[in-house]
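These notes concern the structure reproduced below.
Just so it is clear, the values below take in all heavy atoms, side chains as well, and ignore hydrogens, waters and symmetry mates. Chain letters run A, B, ... following the sequence lines, proteins first, then strands; residues in each count from 1.
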Amino acid sequence: MYKTHTCGEINEDHLGQTVVLAGWVNRRRDHGGVTFIDLRDRFGIVQIVANPEICPDVHKALSVVRSEWVIQVEGIVQKRPEGMANPHLSTGKIEVSVKHVNILNPSKTPPIYINKEEDADENIRLKYRYLDLRRERMRKNLILRHNVVKFIRDYLDERGFLEIETPILFKTTPEGARDYLVPSRVHPGEFYALPQSPQQLKQLLMVAGIERYFQIARCFRDEDQRGDRQPEFTQLDLEMSFVEREDIIQLAEDLFTQLVNKIVPEKKLFASPWPRFTYTEVMNRFGKDNPDIRFGLELVDISELVEKCGFKVFENIIADGGNVRGINAKGLGNYSRKQIEELTEYAREFGAKGLAYLAITTDGKEKSSFAKFLTPELVEKIKTRMNACPGDMLLFIAGEKDFVLESLGRLREHLGSILKLRNKDTLAFCWVVDFPFVTWNKDENRWDPSHHLFTSPMPEDIPLLDIDPGKARGQQYDLVLNGHEVGGGSIRIHDRHLQEKVFELIGLDMGVARERFGHMLEAFEYGTPPHGGIAPGIDRICMILAGEPNIREVIAFPKNQSARDVMVNAPSPAEPAQLEELHIKIIDNK
RNA sequence: GGGGACGUAGUGUAGUGGUUUAACAUGCGGCCCUGUCAAGGCCGAGAUCGCGGGUUCGAAUCCCGUCGUCCCCGCCA
């Protein structure tokens, strides 16, 4: 070993000892005489000191050293002089007086600052990711992620789960997200697909009698990026046999509650046990199936209050079966016309025709865009319904119900940001249950599964599949944290006939279904236990636990917005010979 | 596929009503300095203002195009 101790572990217990350390020069302070170097390794920083009167050779050797050089030093741990301790360093009471120096590797001036929390251009950070990862922020995030995964493995191991790997080279399933395809050399014109999730495989492990399975599974989806989406990401994939919805929910809730307590004790759970909402309820209250419940600003239906108010816009929409709903934007009552216009503009981006408002200024006066239709009685009714106080701003959107909910939901999120209502130290987990089993796809004129093809409907709703599929609920549950969907799961179908019925319902031709999912149908005929599971997203959860705004910050080597790895420059063209072996011809679309 | 923001020394920013010899900080180089910890002081080098074209006497600044990055919509069973 190049070192006897890590930089971070040296303390007063080592006083007088000779230690050998190795690491990076975090910072150098040259006083002409005495020179200090903050030596950094993964475990921390320790100050090393060279005095020309004591060791002139060492002092000279260290004078050429610069930031990020890798050096090895041998020296004696000594107490710092009175009043010279640094309370910001765990090693701040001591320093290492250097006797020998060995320069292991010099460094060019780095393109980004390692020793500063200055936000560098993301493109440069990604290009020099190995330097970016040296930074405190990234190091902490990697450690957090390790701790999260370690906790999960230990927790599940203690409860009898087996961690089992499943193939990365799998089979294409055009349902769902776009697949990443891998051409087969051996079978011309045929392709593997990278798994979007190990869904089918984990179910087949249940057929195999594993009963309790998990995997820290890499998943691949060829869709466009977002702040919380990467083309490859990691799920805690988990499946159990002989369980009902409640069992999985309890397990996941306990797992993550304990995980938070142990790994991020400084964070506070918003509520425990976690709130549970039905799909209908979250949509009505928050306008979003993954609501951030750290703040209120819930949506309120005032349709029946205004259906005969005389305001034609509202009246006509309600007469056509639409809705008028609002949000009480607490504390915005004194917003100027211009500021309201900005909110309106925001709502328009999502298709709202307009934004009606009723402001109650702090001195109790009312201002409204539809004032002339408002009788004092109606104003009182609306204020009561929406719990309005002086200083509040009531905002309304009218239109078709789903549209009103969605656009108000977005406005609510926006207001949450404007009003700074998201406490970053609060973790608001919640469950969303009772999703519709299928949703109508207007474009394709068919039913689509709300979750995935293997989700079981609620047993009592099975008869509805024949009569009114839109009314049936699925045994699906989503795990939501601070406004992000961080996991979803379901009780699965374990009966061939029900599975075929579902295929039929969503318009999957039986021949196609057998070709794509024949292995599942067949497996269900050999003693399949009832089973279900969940798949929490590790990256998103780590992102939120770390307080990071983007999923890239918790992934060592992420792709950029356009799905490119700018460090190695992937994807990149393949050699003609490779393509030929794979029976692939590139078509120039330009 | 669509919308928005951005692109100026190694890095982070300023300058955008047309005259700048492109500013500041930090980093880098040199000198001074024996107790700092974002050390300090002095001096210096470092930018064809993303790229291409146009308007103009004159463009970092205005116009068009293009490339790149980020955010959002669509998409994400």
Legend entry - Which residue lies more 5' along RNA chain B, comparing Val34(A) with Asp121(A) via nearest heavy atoms: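 Whichever sits nearer the 5' end wins; that is Asp121(A).
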Legend entry - Residue mapping more 5' on RNA chain B - nearest nucleotide basis, Gln225(A) or Pro110(A):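 That would be Pro110(A).
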Inset, instruction - State the pairing partner of C76(B); accept Watson-Crick or G-U wobble contacts with both distances under 3.5 Å, and report none otherwise. - result: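 Per the H-bond distance test, none.
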Does [X] reach a base, just sugar-phosphate, or nothing at all? Heavy atoms under 4.0 Å.
| X | result |
| --- | --- |
| Lys108(A) | nothing |
| Thr35(A) | nothing |
| Glu95(A) | base |
| Arg28(A) | nothing |
| Pro111(A) | sugar-phosphate |
| Ala85(A) | base |
| Gly92(A) | nothing |
| Arg27(A) | sugar-phosphate |

Inset, instruction - If the plane angle is over 60° it's perpendicular, under 30° parallel, otherwise tilted; pick one for Phe524(A) and His531(A). - result: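 Rings of Phe524(A) and His531(A): tilted, 30 to 60°.
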Inset, instruction - Evaluate the ring planes of Tyr346(A) and Phe350(A), with Trp represented by its six-membered ring, and classify them as parallel (under 30°), tilted (30 to 60°) or perpendicular (over 60°). - result: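 Perpendicular, since the angle between the ring planes exceeds 60°.
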Legend entry - Centroid distance under 5.5 Å and plane angle under 30°, His31(A) vs G35(B):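 His31(A) ring does not meet the centre or angle cut-off for G35(B); no stack.
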Inset, instruction - Look at atom NZ of Lys288(A) and say whether more than 12 heavy atoms of other residues, nucleotides or ligands are closer to it than 6.0 Å. - result: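 Yes, NZ of Lys288(A) has more than 12 neighbouring heavy atoms, counting only those of other groups under 6.0 Å.
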Legend entry - CD (Glu342(A)) with more than 12 external heavy atoms under 6.0 Å: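 More than 12 heavy atoms, drawn from other residues, nucleotides or ligands, come within 6.0 Å of this atom.
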Can you identify which nucleotide, out of [options], has its nearest atom closest to the [X] side chain?
| X | options | value |
| --- | --- | --- |
| Asp30(A) | U11(B), C33(B), C73(B) | C33(B) |
| Arg229(A) | U69(B), G12(B), C76(B) | C76(B) |
| Arg221(A) | G1(B), C76(B), U11(B) | C76(B) |
| Arg226(A) | G12(B), C75(B), G35(B) | C75(B) |
| Tyr113(A) | U26(B), C75(B), C37(B) | U26(B) |
| Asp224(A) | G1(B), C71(B), G10(B) | G1(B) |

What's the [atom1]-[atom2] distance between [X] and [N], to the nearest Å?
| X | N | atom1 | atom2 | answer |
| --- | --- | --- | --- | --- |
| Lys559(A) | U69(B) | NZ | C1' | 17 Å |
| Asn115(A) | U36(B) | CG | C1' | 15 Å |
| Arg66(A) | U26(B) | CZ | P | 17 Å |
| Gln230(A) | C76(B) | CD | P | 18 Å |
| Ile124(A) | C6(B) | CD1 | C1' | 14 Å |
| Arg40(A) | A38(B) | CZ | C1' | 15 Å |
| Arg178(A) | G1(B) | CZ | C1' | 11 Å |
| Lys442(A) | G74(B) | NZ | P | 13 Å |

Inset, instruction - For the pair Arg137(A) and Asp119(A), find out whether any cationic side-chain nitrogen is under 4.0 Å from an anionic carboxylate oxygen. - result: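 Result for this pair is yes, salt bridge flagged.
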Legend entry - Glu9(A) (side chain) donor-acceptor with Thr6(A) (main chain) under 3.5 angstrom: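 A pair under 3.5 Å: yes.
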Inset, instruction - Ignoring hydrogens and angles, tell me if any N or O in the side chain of Asn105(A) forms a donor-acceptor pair with the backbone of Val70(A) under 3.5 Å. - result: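 No; judged by distance alone, with no hydrogens or angles, the pair does not exist.
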Legend entry - Nearest heavy atoms of Cys55(A) and Val98(A), plus distance in Å: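 Closest approach of Cys55(A) to Val98(A), heavy atoms only: SG-O, 4.0 Å.
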[atom1] atoms of [N] and [M], separation to the nearest Å:
| N | M | atom1 | answer |
| --- | --- | --- | --- |
| U48(B) | G41(B) | P | 29 Å |
| C75(B) | C6(B) | P | 28 Å |
| A25(B) | C63(B) | C1' | 34 Å |
| G58(B) | U21(B) | P | 15 Å |
| G15(B) | G68(B) | C1' | 23 Å |
| A59(B) | C51(B) | P | 15 Å |
| A45(B) | G29(B) | P | 16 Å |
| U61(B) | G54(B) | P | 14 Å |

Check whether any side-chain nitrogen or oxygen of [X] sits under 4.0 Å from OP1 or OP2 of [N], and answer yes or no.
| X | N | result |
| --- | --- | --- |
| Gln561(A) | C71(B) | yes |
| Thr109(A) | U11(B) | no |
| Arg552(A) | C71(B) | yes |
| Asn560(A) | U69(B) | yes |
| Arg29(A) | U36(B) | no |
| Asn123(A) | G7(B) | no |

Legend entry - No-H, no-angle donor-acceptor pair, Arg564(A) side chain to U69(B) base, under 3.5 Å: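 Absent.
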Inset, instruction - Please say whether the positively charged group of Arg412(A), taken as NZ for Lys or CZ for Arg, lies over the ring of Phe295(A), i.e. under 6.0 angstrom from the six-membered ring centre and within 45 degrees of the axis. - result: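 Yes, a cation-pi geometry holds between Arg412(A) and Phe295(A).
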